[in-house]
Amino acid sequence: MNENIVSFVYLIAGVLFTLGIKGLTKPKTAVRGNMLSALGMLIAVVVTLVNMNTIDYTFIVAGFAVGSIIGSIMALRIQMTSMPQMVALLNGFGGGASLTIALAEYYTKLGVTPASFAELLNPVVVDGSAFGAGPEGTVALVAIGLTVLIGALTLTGSLVAFAKLQELMKNSYGLPGGPVGNALFLTVALVAVALVVVEPGNVAAMVAVVALALLLGLFLVMPIGGADMPVVIALLNSYSGIAAALAGFILGNTVLIIAGSLVGTSGLILTRIMCVAMNRSLANVLFGKMAAGGESIDADEVYAGKVTSAQPDEVAMLLETAQRVVIVPGYGMAMAQAQHAVRELADAMEAKGVEVEYGIHPVAGRMPGHMNVLLAEAEVPYDNLVEMDRINPTFEDTDVVIVIGANDVTNPMARDVEGSPIYGMPILNVDKAKTVVVIKRSLSPGFAGLPNPLFAMDHTLMVYGDGKKAVVEMTTALNQA
Amino acid sequence: MDILILLLALFVLSLFLGVELITKVPPTLHTPLMSGTNAVSGITLVGALLAAGNDGSPMMVNILGFIAVTLATINVVGGYLVTNRMLAMFKRK
């Protein structure tokens, strides 16, 4: 087939990907956007297959079959609460695909493939122009080296992120020396990339890039804790896109570059949004621990004798006479699988003429938009899901706020106590409401490890226990009232 | 070198396009955005096909290609399906 036709079809695919993401700017057009994007993928794949000259379908069909089965099982079985795990895995697979493509291209151009592991490390004599003449060859080699580096670290980093989200890995391990150790590791890996560029036949250097990058992915993500996962997932999402775009430079393929850059920027923008919502720099999330806090704040001092607890039926009486109620969900709601129960409570309140809205903090949950998806699953209309900047001015006119499974994002210390480790982080000003109901198992601190003075305020009621059970009891009491 | 400059131009303009587009996606749809872009990054399938199916390439290259096709297909199939599943929930109301 004519190369121009192929390039033209790739352009159409690129346009369809763009329209697909444009569709995601409104919930109403999002489904159609996703379909357009999938159509773009289909035509890009078909034209590639048609254009291949000598083709052996064995490995292609096998790959399609295995990939489709695994992909559909994952997509259809996954619970909405576990979406962060799914996205983490897909990020990793994206990195893995770019890694293997770059390696395949490297060995193709090299013209020799090792027969054994020992041979894998032997240097190979290559024709100077095997990777392209002059600057083109250099660029191809740099692209191969960087794709291998980013692809490999995305692969292992994402697998660690998955293990942490799935709670398979509870502890945090890092390289000795923390950020310095990681920086050294990265430098050595980059030196190995440079060696490959200077001396393409130095297979041992390429193997070293792969090994170092795989390890670096582990060490980068292992020390990072649960509530920082939204940032990590968004960043790895970006890496998988960047790796795809770099693979596009290796193959001189336009559609890979377009699609890869769209994904890369998407991940970076989400990363930035998450960091701003935590008032922390990216470096601080990746390498810093939460500041230990100048003076340690004694939880007993904050809470002693000041915490009022309540039973669900007492809360129901409050809700019955309220005019406006705001529900603030956090990761605890996902853990308790309480989204449907929460929706039923909202229905019961609305039946009594109460205005109900949901206040969503950008970092609530374990990935960007996590709470929104859970509540959408429970059939909450998306117009009722209100983002932080729009809900905050309304708390003063709110009778009751129900905080379920959220902690740090409601901590007034972030607003009022200069010198507090979380000072400056934008929060939901739930304490401005007339009454605050906090559903929580205990007074244990959130991810930041800080006591929350909100719990000790005069107008705060603590409802201890399982989130789902407490909400169901409130609904029952409200319906009987 | 000409081609390289063109590819670079495409890359830079796509980055700007991405920024313009993504900043307009509302926070409510950030999770579907991530899974949807996971699917789009499965475009590496195109490169994977070239490695897996080229008759005459050494076996090792074909095997690397097979792994790449499998991983990219998981991204494409899994990514689009799960995104569709989520977006359908947002559409319901």
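From a predicted model like this one, the values you see are computed outputs, not experimental measurements. Residue numbering restarts at 1 for every chain, and letters A, B, ... go by the order of the sequence lines.
Both the backbone and the side chain of B:L15 come within contact range of chain A, with heavy atoms under 4.5 Å apart. When heavy atoms are compared at a cutoff of 4.5 Å, A:A62 approaches chain B by way of both its backbone and its side chain. With a threshold of 4.5 angstrom between heavy atoms, B:M60 approaches chain A through side-chain atoms but not through N, CA, C or O. For A:T100, the parts lying near chain B are the backbone and the side chain together; criterion is any non-hydrogen pair under 4.5 Å. Only the side chain of A:L270 comes within less than 4.5 Å of a heavy atom in chain B; its backbone stays farther off. No part of A:Y106 comes within reach of chain B, as not one of its non-hydrogen atoms sits under 4.5 angstrom from that chain. Interface remark: B:A39 contributes backbone atoms only to the contact with chain A (heavy atom separation under 4.5 Å). Interface remark: A:I273 contributes side-chain atoms only to the contact with chain B (heavy atom separation under 4.5 Å). Only the side chain of A:I269 has a heavy atom closer than 4.5 Å to any heavy atom of chain B. Of the two parts of A:R77, only the backbone, made up of N, CA, C and O, holds a non-hydrogen atom closer than 4.5 Å to a non-hydrogen atom of chain B. Contacts between A:T18 and chain B at a heavy-atom distance below 4.5 Å involve backbone atoms as well as side-chain atoms. With a 4.5 Å cut-off on non-hydrogen atoms, A:F64 touches chain B through its backbone and its side chain both. Of the two parts of B:L50, the backbone and the side chain both hold a non-hydrogen atom closer than 4.5 Å to a non-hydrogen atom of chain A. With a threshold of 4.5 angstrom between heavy atoms, A:A234 approaches chain B through its backbone and through its side chain. Heavy atoms closer than 4.5 Å to chain B are found in the side chain of A:L251, but not in its backbone. A:M86 touches chain B through its side chain: at least one heavy atom from C-beta onward sits under 4.5 Å away, while N, CA, C and O do not.
Taking each heavy atom of A:I101 and B:G47 in turn, the nearest pair found is CD1-C, 4.0 Å. Of all non-hydrogen atoms in A:M74 and B:I74, the two that sit nearest each other are SD-CG2, 4.1 Å. Here the closest heavy-atom approach between residue A:L262 and residue B:S14 is recorded as CD2-O, 4.0 Å. Here the shortest heavy-atom pairing between B:A52 and A:I60 reads CB-CG1, 4.1 Å. Residues A:S266 and B:I22 come closest through the heavy atom pair CB-CD1, 3.5 Å. Closest non-hydrogen pair, B:T44 versus A:A97, comes out as OG1-CB, 3.8 Å.
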> Taking it one step at a time, do A:E387 and B:T28 satisfy side-chain contact (heavy atoms from CB on, under 4.5 Å)?
Replying inline: CA-CA 8 Å; A:E387 47 200 277; B:T28 284; over 6 Å; no
>> Run A:Y10 and B:V46 through side-chain contact (heavy atoms from CB on, under 4.5 Å) and show every step you take.
In response: CA-CA 10 Å; A:Y10 281 163; B:V46 165; 3.3 Å; yes
>> Applying side-chain contact (heavy atoms from CB on, under 4.5 Å) to B:R85 and A:I78, what does each step give before you reach the verdict?
In response: CA-CA 10 Å; B:R85 209 180 123 199; A:I78 192 95; 3.6 Å; yes
>> Under the criterion side-chain contact (heavy atoms from CB on, under 4.5 Å), I'd like the reasoning laid out for A:V373 against B:F90: C-alpha separation, chi angles, the key distance, then a yes or no.
In response: CA-CA 8 Å; A:V373 169; B:F90 280 98; 4.1 Å; yes
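Rounding to the nearest 0.5 Å gives a distance of 6.5 Å between CD1 of A:I21 and CG of B:L33. Annotation: the span from A:L42 atom CG to B:Y80 atom OH amounts to 10.0 Å, rounded to 0.5 Å. Atom CZ of A:F249 and atom CG of B:L8 lie 5.0 Å apart (nearest 0.5 Å). Rounding to the nearest 0.5 Å gives a distance of 11.5 Å between CD1 of A:I70 and CG of B:N75. Between atom OG of residue B:S35 and atom CG of residue A:N237 there is a gap of 9.5 Å, rounded to the nearest 0.5 Å.
No other option in B:L49, B:L81, B:N62 has as many heavy-atom pairs under 4.5 Å with chain A as B:L49. Put simply, of A:A30, A:A38, A:G33, the one with the most heavy-atom pairs under 4.5 Å next to chain B is A:A38. The candidate with the highest count of non-hydrogen atom pairs below 4.5 Å against chain A, out of B:T23, B:L17, B:I67, is B:L17. If you tally non-hydrogen atom pairs under 4.5 Å between each of A:T265, A:L90, A:I257 and chain B, the highest count goes to A:L90. The candidate with the highest count of non-hydrogen atom pairs below 4.5 Å against chain A, out of B:I63, B:V19, B:T73, is B:T73. The candidate with the highest count of non-hydrogen atom pairs below 4.5 Å against chain B, out of A:A244, A:A247, A:S68, is A:S68. Between chain B and the residues A:G95, A:S72, A:G241, the largest count of heavy-atom pairs under 4.5 Å involves A:S72. Of the listed residues (A:G260, A:A75, A:G369), the greatest number of heavy-atom pairs within a distance under 4.5 Å of chain B belongs to A:A75.
Side-chain polar atoms of B:N38 and A:N91 form a donor-acceptor pair below 3.5 angstrom.
Contact check for A:M41 versus B:I43: side-chain heavy atoms found under the 4.5 Å cut-off. Residues B:V69 and A:F59 form no side-chain contact, since every pair of their non-hydrogen atoms from C-beta on lies 4.5 Å or further apart. Taking 4.5 Å as the limit, every side-chain heavy atom of A:M367 sits out of range of all side-chain heavy atoms of B:H30. In this structure the side chain of B:L29 reaches within 4.5 angstrom of the side chain of A:P27, judged on heavy atoms. Side-chain contact between A:M83 and B:M86: present, with at least one pair of heavy atoms (C-beta onward) separated by less than 4.5 Å. A heavy-atom distance below 4.5 Å is found between the side chains of B:V40 and A:S37. Contact annotation: the side chain of A:L24 approaches that of B:L87 to within less than 4.5 Å [non-hydrogen atoms, C-beta and beyond].
At distances below 3.5 Å, not a single donor-acceptor pair connects side-chain atoms of A:D56 with backbone N or O atoms of B:G53. Using modelled atom types, one side-chain atom of B:T31 and one backbone atom of A:P368 make a donor-acceptor pair closer than 3.5 Å.
Environment of NZ in A:K22: sparse, with no more than 12 heavy atoms of neighbouring residues, nucleotides or ligands closer than 6.0 Å. Atom CZ of A:R272 is surrounded by 12 or fewer heavy atoms from other residues, nucleotides or ligands within 6.0 Å.
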